[in-house]
Amino acid sequence: MVPLMVAVGPKLKELRGRTKPRVSSRRAADLLGIGHSRYAFYENPNTYKKPYLPLDLARQIASAFADYGIEPAEVMALAGLTDSEVEPEAREIEAQRPIAQFAVMTVALPSEAALTDMFESLLSLIPPDATRAEAAQILARRLPSGFAACGPLSLDQLSVSMPVTSATAQSPARDHPAPGPSSRS
């Protein structure tokens, strides 16, 4: 008896559904640089009936979904790889991920005095014989708790100053005189 082949589409859709934040099928297509209908083709068991994804596509999806909390090994398994084949593929995908992701945010920090106290308490945790790398690791591990120890900031404690950029300094808006009697006679 020949085992029934199960299409891979529902498994792919389930992985996409577990992304954090959730990635829509359109967003998945954008991440892969393909059209939405092409991506949807692979998720639909009525159109893509094969039990495995093409290896190159699985690599692309694993790389894209890794940024959204899906383990590359889970996606690579959809390419029909054995456990011994999945691990090196997943490690390679993880190795190619950027070390940092950047986001621009407005952040309220404690006062200079509070930051000074926080850094003094953090520096006291570093043994005198610690290497620079060990000191950095200790500081990185303790920084979140150091900020938490500063306590919450209330809006009335903040004096907010926004940087003035040339775009805000030279606004194209102009005042228009109020309509009224003309000074011409």
Side-chain angles (χ1 to χ4, degrees), residues 1-110 115 118-119 122 125-126 130-153:
M1 179 180 248
V2 177
L4 291 174
M5 290 194 337
V6 178
V8 73
K11 294 175 191 172
L12 177 59
K13 186 174 182 177
E14 185 264 329
L15 286 178
R16 182 177 55 79
R18 289 186 8 227
T19 55
K20 300 283 189 234
R22 190 175 182 285
V23 173
S24 68
S25 60
R26 288 193 186 281
R27 177 72 179 134
D30 289 344
L31 291 170
L32 299 171
I34 62 176
H36 176 257
S37 60
R38 181 168 173 222
Y39 179 82
F41 168 81
Y42 289 105
E43 279 194 4
N44 186 339
N46 295 322
T47 56
Y48 188 74
K49 299 178 183 196
K50 296 182 180 179
Y52 304 115
L53 289 175
L55 184 57
D56 287 339
L57 179 65
R59 287 178 179 137
Q60 290 177 313
I61 294 170
S63 180
F65 284 9
D67 292 337
Y68 295 88
I70 301 299
E71 290 294 324
E74 289 185 84
V75 179
M76 294 311 299
L78 300 181
L81 301 179
T82 65
D83 289 342
S84 63
E85 294 169 325
V86 164
E87 278 310 309
E89 290 280 346
R91 278 195 307 271
E92 180 64 27
I93 290 165
E94 285 291 338
Q96 292 176 7
R97 290 186 65 207
I99 293 173
Q101 295 181 5
F102 297 92
V104 176
M105 299 184 295
T106 302
V107 178
L109 292 173
L115 286 172
M118 178 190 75
F119 284 121
L122 290 175
L125 299 172
I126 300 173
T131 66
R132 187 178 182 140
E134 291 167 336
Q137 186 177 26
I138 291 167
L139 291 173
R141 189 178 314 122
R142 299 295 179 136
L143 189 62
S145 61
F147 275 119
C150 288
L153 294 174

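Remark: Glu14 CD is packed, more than 12 non-hydrogen atoms of other residues, nucleotides or ligands lying under 6.0 Å away. No more than 12 heavy atoms of other residues, nucleotides or ligands sit less than 6.0 Å from atom CZ of Arg132. For Arg18, the CZ atom sits in a packed shell: over 12 heavy atoms of surrounding residues, nucleotides or ligands are nearer than 6.0 Å.
Ala7 approaches Pro45 most closely through the heavy-atom pair CB-CB, 3.9 Å. Smallest separation of non-hydrogen atoms from Asn46 and Asn44: N-OD1, 2.7 Å. The two residues Ala40 and Thr47 make their nearest non-hydrogen contact at O-OG1, 4.4 Å. Counting all heavy atoms, side chain and backbone alike, Ala28 lies closest to Arg16 at CB-CD, 3.9 Å. Minimum heavy-atom separation, Pro72 to Ala66: CG-CB, 4.0 Å. Across every non-hydrogen atom of Ala135 and Ala130, the tightest pair is N-CB, 4.4 Å.
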#### Entry: Chi angles and distances behind the side chain to side chain contact (heavy atoms under 4.5 Å, CB included) call for Ile61, Ile70
CA-CA 10 Å; Ile61 294 170; Ile70 301 299; over 6 Å; no
### side chain to side chain contact (heavy atoms under 4.5 Å, CB included) assessment of Leu31 paired with Tyr39
CA-CA 10 Å; Leu31 291 170; Tyr39 179 82; over 6 Å; no
### Derivation and outcome, side chain to side chain contact (heavy atoms under 4.5 Å, CB included), residues Met118 and Leu143
CA-CA 9 Å; Met118 178 190 75; Leu143 189 62; 3.9 Å; yes
### Query
Passes side chain to side chain contact (heavy atoms under 4.5 Å, CB included), Asp30 versus His36? Steps please.
CA-CA 8 Å; Asp30 289 344; His36 176 257; over 6 Å; no
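Atom OG1 of Thr131 and atom CD1 of Ile126 lie 10.0 Å apart (nearest 0.5 Å). To the nearest 0.5 Å, the span separating OH on Tyr42 from CG on Leu78 amounts to 13.0 Å. Note: Phe41 CZ to Ile34 CD1 = 10.5 Å, rounded to the nearest 0.5 Å. One finds the OG1 atom of Thr19 at 10.5 Å from the CZ atom of Arg27 (value rounded to the nearest 0.5 Å). The distance from atom CG of Leu122 to atom CZ of Arg141, rounded to the nearest 0.5 Å, is 12.0 Å. In this structure, CD on Gln60 lies 10.5 Å from CG on Leu55, to the nearest 0.5 angstrom.
With respect to Glu94 and Arg97, a salt bridge is recorded, a charged nitrogen being found less than 4.0 Å from a carboxylate O.
Judged by distance alone, with hydrogens and angles left aside, the side-chain atoms of Arg59 form no donor-acceptor pair with the main-chain N or O of Ile93 at under 3.5 Å.
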